[in-house]
Amino acid sequence: MDEIEIPESHPRYESLLTRHRIEHGVDLGITSRQGLIAQGRGEAYDYLLGEETIPSADDAARAAAAHLLLADHAVLSINGNVAALVPGEMVDLAAATGADLEVNLFNRTEERMQAIVDHLREHGAEEVKGLTADGRIPGLDHERAKVDADGIGDADVVLVPLEDGDRAEALASMGKTELVIDLNPLSRSAQSATVPIVDNTIRAVPNVTAHAEDLAAASDAALREIVDEFDADAALDAAEDRIRSGGE
Ligand code: ATP
């Protein structure tokens with residue numbers, strides 16, 4: 001990836017790098033201009049969270065890893081922001097959990113779909129789903145409902161980093177186990193998730209991978225215990241408390 005030269009010691013290093021990646025994503029035709037706005041909204045929450053993975057988000061990342069390892073068919077959904085921010089990290093997470101990758105866009109154009117598929121392949125992905133679009137998510141208008149029947153359509157567990165609220169709700173009402181990464185604990189995506197990870201995608205995706213690697217040899221019973229012990233409402237409350245108190 002074309003990175004700018006920012007010294008890692010710069011106090012705003014991660015934020016500047018993130019902005020640069022999103023901007024570059026727009027230049028490459030993989031991120032939409034609306035993606036820039038979504039990023040700005042996320043950054044405000046990240047600032048209030050202290051730009052770090054809070055303990056409840058780490059617990060959520062572990063529960064998400066356990067769900068991915070227990071799944072019959074897990075799919076990691078990729079949109080234009082995710083493709084710009086963490087393409088290689090999503091490929092690594094898919095490898096660590098045996099999940100499929102599927103491009104799933106709010107503003108779907110064939111050109112942008114193909115650009116994202118190509119970008120993921122440049123970052124090591126082999127099969128990338130999303131171009132067939134022969135399945136539908138019930139309850140959404142035609143363009144936004146499109147998924148691959150043998151991808152998200154068939155999945156029992158779906159990881160959706162930065163999903164828009166409508167589609168997150170529609171996926172949850174299909175009965176899928178939904179793992180959401182969203183910096184806003186009040187968003188409909190976070191609220192409808194089985195596991196809401198309130199953290200920046202840039203930190204959360206490698207963290208879920210690290211937990212999946214750590215749990216690779218765990219028994220199904222041990223994984224189920226992690227899943228059962230996780231409390232989504234408590235995780236959302238902990239994140240909201242951190243934001244409102246500014247970490248006090
Ligand atoms: P709602 O679910 O409240 O209806 P929405 O569908 O309007 O929200 P958008 O504004 O499209 O949501 O969403 C972008 C969401 O993604 C915001 O909730 C924002 O906090 C989150 N977000 C943006 N950038 C990141 C990031 N890098 N990591 C994690 N979350 C992010």
Side-chain angles (χ1 to χ4, degrees), residues 1 3 12-26 30-54 56-61 64 76-90 93 103-108 112 116 119 137 139-141 143-145 158-173 176 178-209 232-233 235-236 238-240 242-244:
M1 193 178 293
E3 302 284 29
R12 317 250 2 107
Y13 173 76
E14 199 182 83
S15 163
L16 293 174
L17 183 66
T18 304
R19 285 185 188 181
H20 176 72
R21 286 188 183 175
I22 290 281
E23 209 185 334
H24 187 56
V26 174
I30 61 179
T31 308
S32 69
R33 283 180 300 164
Q34 289 189 8
L36 295 170
I37 299 168
Q39 173 62 30
R41 194 174 188 182
E43 269 188 25
Y45 288 104
D46 205 15
Y47 198 99
L48 294 168
L49 282 167
E51 294 176 334
E52 62 177 16
T53 301
I54 63 173
S56 55
D58 187 51
D59 290 346
L76 313 182
S77 168
I78 311 253
N79 66 17
N81 284 47
V82 174
L85 291 176
V86 284
E89 291 85 346
M90 289 300 276
L93 178 57
V103 183
N104 179 23
L105 299 183
F106 181 72
N107 298 304
R108 185 187 175 98
R112 212 148 71 75
I116 293 177
H119 189 65
I137 306 172
L140 294 177
D141 60 77
E143 276 310 296
R144 293 172 52 217
V158 186
L159 174 84
V160 282
L162 320 192
E163 183 55 283
D164 89 285
D166 270 0
R167 221 166 20 186
E169 282 179 342
L171 280 172
S173 52
K176 299 190 187 293
E178 202 176 14
L179 318 171
V180 164
I181 302 171
D182 194 320
L183 280 158
N184 177 6
L186 301 172
S187 79
R188 285 176 300 151
S189 312
Q191 300 269 341
S192 60
T194 316
V195 178
I197 306 173
V198 183
D199 199 5
N200 196 323
T201 306
I202 237 169
R203 296 187 299 268
V205 172
N207 196 25
V208 178
T209 304
D233 290 330
L236 292 171
E240 193 180 335
R242 169 66 81 106
I243 287 169
R244 290 191 189 279

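Here, residue 1 is the first one in the sequence, and each next residue gets the next number. Just so you know, ligand 1 is whichever comes first in the structure, and atom 1 is the first atom listed for that ligand. Computed from a predicted structure; not experimentally measured.
- Under a 4.0 Å N-O distance rule, the pair Arg12/Glu43 does not qualify as a salt bridge.
- Residue contact check: Gly165 has heavy atoms under 4.0 Å from atoms 2 (O), 6 (O) of ligand 1.
- Across the listed options Thr201, Asp182, Ile37, Asp182 owns the non-hydrogen atom lying nearest to atom 15 (C) of ligand 1.
- Note: no N/O pair closer than 3.5 Å links Asp164 and ligand 1 by distance alone.
- Given atom 25 (C) of ligand 1, the protein heavy atom at minimum distance is Leu162 CD2, 3.4 Å.
- Ranking the protein heavy atoms by distance from atom 12 (O) of ligand 1 puts Arg41 NH1, 3.6 Å first.
- Ligand 1 has Leu85 within reach: a non-hydrogen atom of the residue lies less than 4.0 Å from it.
- Close contacts between ligand 1 and Asn184 involve ligand atoms 18 (O), 20 (O) [criterion: under 4.0 Å to a heavy atom].
- Remark: Leu85 CG to Met90 CE distance equals 11.0 Å, nearest 0.5 Å.
- Among the atoms of Asn200, some N or O lies under 3.5 angstrom from an N or O of ligand 1.
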- For the pair Asn104 and Arg167, evaluate side chain to side chain contact (heavy atoms under 4.5 Å, CB included) and give the outcome as yes or no after the intermediate values. CA-CA 10 Å; Asn104 179 23; Arg167 221 166 20 186; 3.2 Å; yes
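- Judged by distance alone, with hydrogens and angles left aside, the side-chain atoms of Thr194 form no donor-acceptor pair with the main-chain N or O of Leu179 at under 3.5 Å.
- Expressed to the nearest 0.5 Å, how far CD1 of Ile137 lies from CG of Leu171 amounts to 4.0 Å.
- Any N or O atom pair closer than 3.5 Å counts here, and Arg188 shares at least one such pair with ligand 1.
- Heavy-atom distances between Asn81 and ligand 1 stay at or above 4.0 Å for every pair.
- The backbone N or O of Ala83 sits less than 3.5 Å from a side-chain atom of His119, completing a donor-acceptor pair.
- The ligand atoms of ligand 1 that sit less than 4.0 angstrom from a heavy atom of Asp199 are 28 (N), 29 (C).
- Of all the atoms in ligand 1, the ones that sit under 4.0 Å from a non-hydrogen atom of Gln39 are 24 (N), 27 (N).
- Of the possible polar contacts, none joining the Arg21 side chain to the Ala84 backbone as a donor-acceptor pair under 3.5 Å is found.
- Looking at Asp166 against ligand 1, nothing comes within 4.0 Å, counting heavy atoms.
- We find that Arg244 and Glu240 are joined by a salt bridge, their nearest charged nitrogen and carboxylate oxygen being less than 4.0 Å apart.
- Residues Asp199 and Thr53 have side chains that bring a donor and an acceptor to within less than 3.5 angstrom of each other.
- No N or O atom of Ile181 sits closer than 3.5 Å to an N or O atom of ligand 1.
- Residue contact check: Ala38 has heavy atoms under 4.0 Å from atoms 14 (C), 23 (C), 24 (N) of ligand 1.
- By the neighbour-count criterion of 12 heavy atoms within 6.0 Å, atom CD of Glu51 is densely surrounded, having more than that number from other residues, nucleotides or ligands.
- Residue Ser187 holds the heavy atom nearest to atom 3 (O) of ligand 1 of all those in Ala168, Ser187, Gly40.
- Of all the atoms in ligand 1, the ones that sit under 4.0 Å from a non-hydrogen atom of Ser189 are 2 (O).
- For the pair Glu178 (side chain) and Val195 (backbone), a donor-acceptor distance under 3.5 Å is absent.
- Counting the atoms of ligand 1 from 1 in the order shown, those under 4.0 Å from a heavy atom of Gly42 are 19 (C), 20 (O), 22 (N), 23 (C), 24 (N).
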